[in-house]
Amino acid sequence: MAAAVMVGRPRGTEDVLPAQSGRWQRAERIAREFAGRWGFGEIRTPTFEHTELIHRVGESTDVVQKETYDFADRGGRQLSLRPEGTAAVVRACLQGGLVAQGLPVKVYYLSMSAFRYERPEAGRLREHHQFGCETLGAPGPAADAELVSLLGDYLAAVGIHAAVAHVNSIGCQECRPRYREALRAYYGAHLAELCADCRRRLDQNPLRLLDCRVDRALALQAPRAVDFLCADCAAHHASLGRLLDAAGLAWEQDHLLVRGFDYYTRTVFEFVHGGLGAQSGLGGGGRYDRLVAELGGPDIPAAGFGLGLERLLLALEKEGQTGGDAPACSVLVAGDDVEQAFAMATALRRSGLQADFDPLGRSLKAQLRHASRLGARFVAILGAPDEAVVLRDMALRQQRPVQRDGLAAAVAEAAPLDGA
RNA sequence: GUGACUGUAGCUCAGUUGGUUAGAGCGCCAGGCUGUGGCCCUGGAGGUCGUGGGUUCGACUCCCAUCAGUCACCCCA
């Protein structure tokens with residue numbers, strides 16, 4: 001149970017405490033590194049947008065229909081907390097003139113919060129954070145393959161081994177209606193076998209019937225999207241497969257894969273992981289060739305993905321990967337005199353070292369215990385009558401006297417800063 | 001939004017058919033070691049028993065509601 005606090009954290013939100021933030025930092029550091037290597041530049045956008053923008057992106061998706069946080073500000077503006085990143089990022093790319101300055105536009109966002117009013121459970125929150133990438137203005141399958149390869153390589157680098165890339169094509173405006181009708185006909189013939197939800201979805205969005213878990217067998221026998229693709233879409237999909245193979249990526253064709261947002265065209269993909277409770281999607285995305293124009297921009301194609309960082313960390317945990325970036329304290333200054341310890345620690349800090357001291361004025365024993373807990377490599381013990389301090393190596397349990405003015409150098413020699 | 005299960009110290013959990021001052025282990029603090037940490041020993045701090053009602057002479061224990069967590073559905077990252 002949580003400790004008694006006057007007001008707890010809102011439902012479906014999480015605090016990241018120092019014990020866990022190292023894992024976040026590690027995931028974020030590697031994400032930055034990979035996005036940079038793949039040629040994506042970082043973009044940051046506001047937490048809230050005009051409700052109109054958010055809702056334009058997916059009128060018939062559940063997320064937008066009934067899960068957004070909508071509110072009016074004090075000036076009467078209708079605003080929404082973003083439920084996903086793509087709409088805002090496309091908006092920002094248009095507004096910032098990136099699209100006008102030359103194509104393709106390749107941007108990534110990191111630890112971007114997304115808000116959905118959902119019932120929380122393992123791997124599902126009301127505020128979660130995503131790492132995502134978007135490529136604007138690249139029509140060919142190479143852009144899709146680049147995104148899949150980035151996400152796949154990133155997951156491998158960060159330590160996920162049990163994720164599989166599922167790939168499908170849901171066609172374009174030309175060919176998808178034919179597929180939709182085929183599905184409608186197929187499921188219509190099996191109306192009696194459908195669950196209540198599926199009967200409702202039959203009219204609105206027959207593609208979603210493939211998701212139904214009540215009757216997998218029915219979905220497996222259903223018409224396949226790839227069999228209804230027009231020539232262009234079929235060529236796109238085939239080429240994507242060859243590109244992924246050439247890149248040495250493990251992927252599988254998943255005829256049942258459709259994604260939650262309406263705006264996808266042609267390619268959809270998702271990295272699936274078994275350790276996420278009822279959830280299975282670690283991250284995914286696809287192509288959205290119509291969206292930029294729908295948001296008022298030029299008629300250019302685009303593609304992207306989003307990865308849930310909470311789910312990533314959950315999956316890493318399931319795979320036994322619990323390590324994170326953990327800057328250890330290099331040296332703790334101990335002594336009876338807090339003022340002296342503070343002065344010494346400050347001097348060490350200004351010389352570029354990670355230094356700490358115990359501000360509580362506790363016994364030396366307690367200070368050493370504290371240093372031990374912090375993982376300090378050294379403890380500098382003040383209090384010697386002369387100018388010397390005792391420099392103790394905590395791991396070796398050995399110590400030697402050092403002149404005060406030589407302390408920084410002595411520590412720096414044995415414990416260089418990371419990356420220095 | 002629907003259904004099920006759960007809710008006792010910072011953490012993991014005991015708490016006997018409702019009975020008076022609610023316990024343990026770990027963690028934390030102090031001492032044993034007259035400045036020196038991970039082991040051991042001793043002591044200490046820390047709990048409105050999620051919250052609010054109700055039943056009862058009496059509730060951590062029974063009932064209802066509510067909040068929160070977990071799981072499944074829905075959906076998704």
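Reminder, nothing fancy here: chain letters follow the sequence lines and each chain counts from 1. What you are looking at is a predicted structure, and each value in this text was computed from that prediction instead of being measured. FYI, side chains are in, hydrogens and waters are out, and symmetry mates aren't considered; it's all heavy atoms of this structure.
- Counting any heavy atom pair closer than 4.0 Å across all strands shown, Ala334(A) reaches no nucleic acid atom.
- G25(B) shows a glycosidic angle more than 90° from 0 and is accordingly assigned anti.
- The distance between the ring centers of Phe228(A) and Tyr179(A) falls below 6.0 angstrom.
- RNA chain B forms stems at B:1-7 with B:67-73, B:10-13 with B:23-26, B:28-32 with B:40-44, B:50-54 with B:62-66, each a run of 3 or more consecutive Watson-Crick or G-U wobble pairs whose two key distances fall under 3.5 Å.
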Ring pair (Phe, Tyr, Trp, His ring centres under 6.0 Å), that's the test. Do Tyr263(A) and Tyr288(A) meet it? Break it down for me.
CA-CA 6 Å; Tyr263(A) 51 65; Tyr288(A) 46 94; 5.6 Å; yes
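- In this structure, Arg11(A) reaches the sugar-phosphate backbone alone: every heavy-atom distance under 4.0 Å involves primed, P, OP1 or OP2 atoms, never a base.
- Heavy atoms of Leu282(A) sit under 4.0 angstrom from primed sugar atoms or phosphate atoms, though from no base atom.
- Across all strands shown, Gly12(A) has heavy atoms under 4.0 Å from sugar-phosphate atoms exclusively, and none from any base.
- A distance of about 13 Å separates the P atoms of U8(B) and U61(B), rounded to the whole Å.
- Using a cut-off of 4.0 Å between Lys/Arg side-chain N and Asp/Glu carboxylate O, Arg116(A) and Glu127(A) are scored as not salt-bridged.
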Polar-atom pairs under 3.5 Å, protein N or O versus N or O of nucleotides 29-32 of chain B: list them with distances, or write none.
| residue | atom | partner | partner atom | Å |
| --- | --- | --- | --- | --- |
| C29(B) | OP1 | Arg362(A) | NH1 | 3.2 |
| C29(B) | OP1 | Arg373(A) | NH2 | 3.2 |
| A30(B) | OP2 | Arg369(A) | NH2 | 2.6 |

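- The residue Gly123(A) sits close to a base: some heavy atom pair falls under 4.0 Å.
- Place Ala122(A) and Arg126(A) on RNA chain B by their nearest nucleotides, and Ala122(A) ends up nearer the 5' end.
- Rounded to whole Å, the distance from CG on Leu364(A) to C1' on G37(B) is 9 Å.
- Evaluation of the side chain to side chain donor-acceptor pair (under 3.5 Å) rule for Gln95(A) yields Arg91(A) as partners, not counting sequence neighbours.
- Going from atom CZ of Arg176(A) over to atom CG of Leu207(A) covers 6.5 Å, rounded to the nearest 0.5 Å.
- Within 4.0 Å of Glu310(A), counting heavy atoms only, lies no atom of the nucleic acid at all.
- Comparing the P positions of U56(B) and U16(B) gives a spacing of 23 Å, expressed to the nearest Å.
- Checked against the 6.0 Å centroid threshold, Phe271(A) and Phe305(A) do not count as a close aromatic pair.
- In this structure, Asp356(A) and Arg349(A) have side chains that are in contact, with non-hydrogen atoms separated by less than 4.5 Å.
- Note on Gln399(A): a base of the nucleic acid sits closer than 4.0 angstrom, heavy atoms only.
- If you find the closest nucleotide of RNA chain B to Leu309(A) and to Pro10(A), the one lying nearer the 5' end belongs to Pro10(A).
- Between the NE2 atom of His128(A) and the C1' atom of A77(B) there is a distance of 4 Å, given to the nearest Å.
- Aromatic rings of Phe48(A) and Phe115(A) (six-membered ring for Trp) have centroids beyond the 6.0 Å cut-off, not under it.
- Among the heavy atoms of the strands lying under 4.0 Å from Gln130(A) are primed sugar atoms or P, OP1, OP2 only; no base atom is included.
- For A77(B), the OP1/OP2 oxygens have a side-chain nitrogen or oxygen of Arg259(A) closer than 4.0 Å.
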Give the intermediate values and the outcome of salt bridge (Lys or Arg N to Asp or Glu O under 4.0 Å) for residues Glu181(A) and Arg178(A).
CA-CA 5 Å; Glu181(A) 283 318 306; Arg178(A) 298 208 319 265; over 6 Å; no
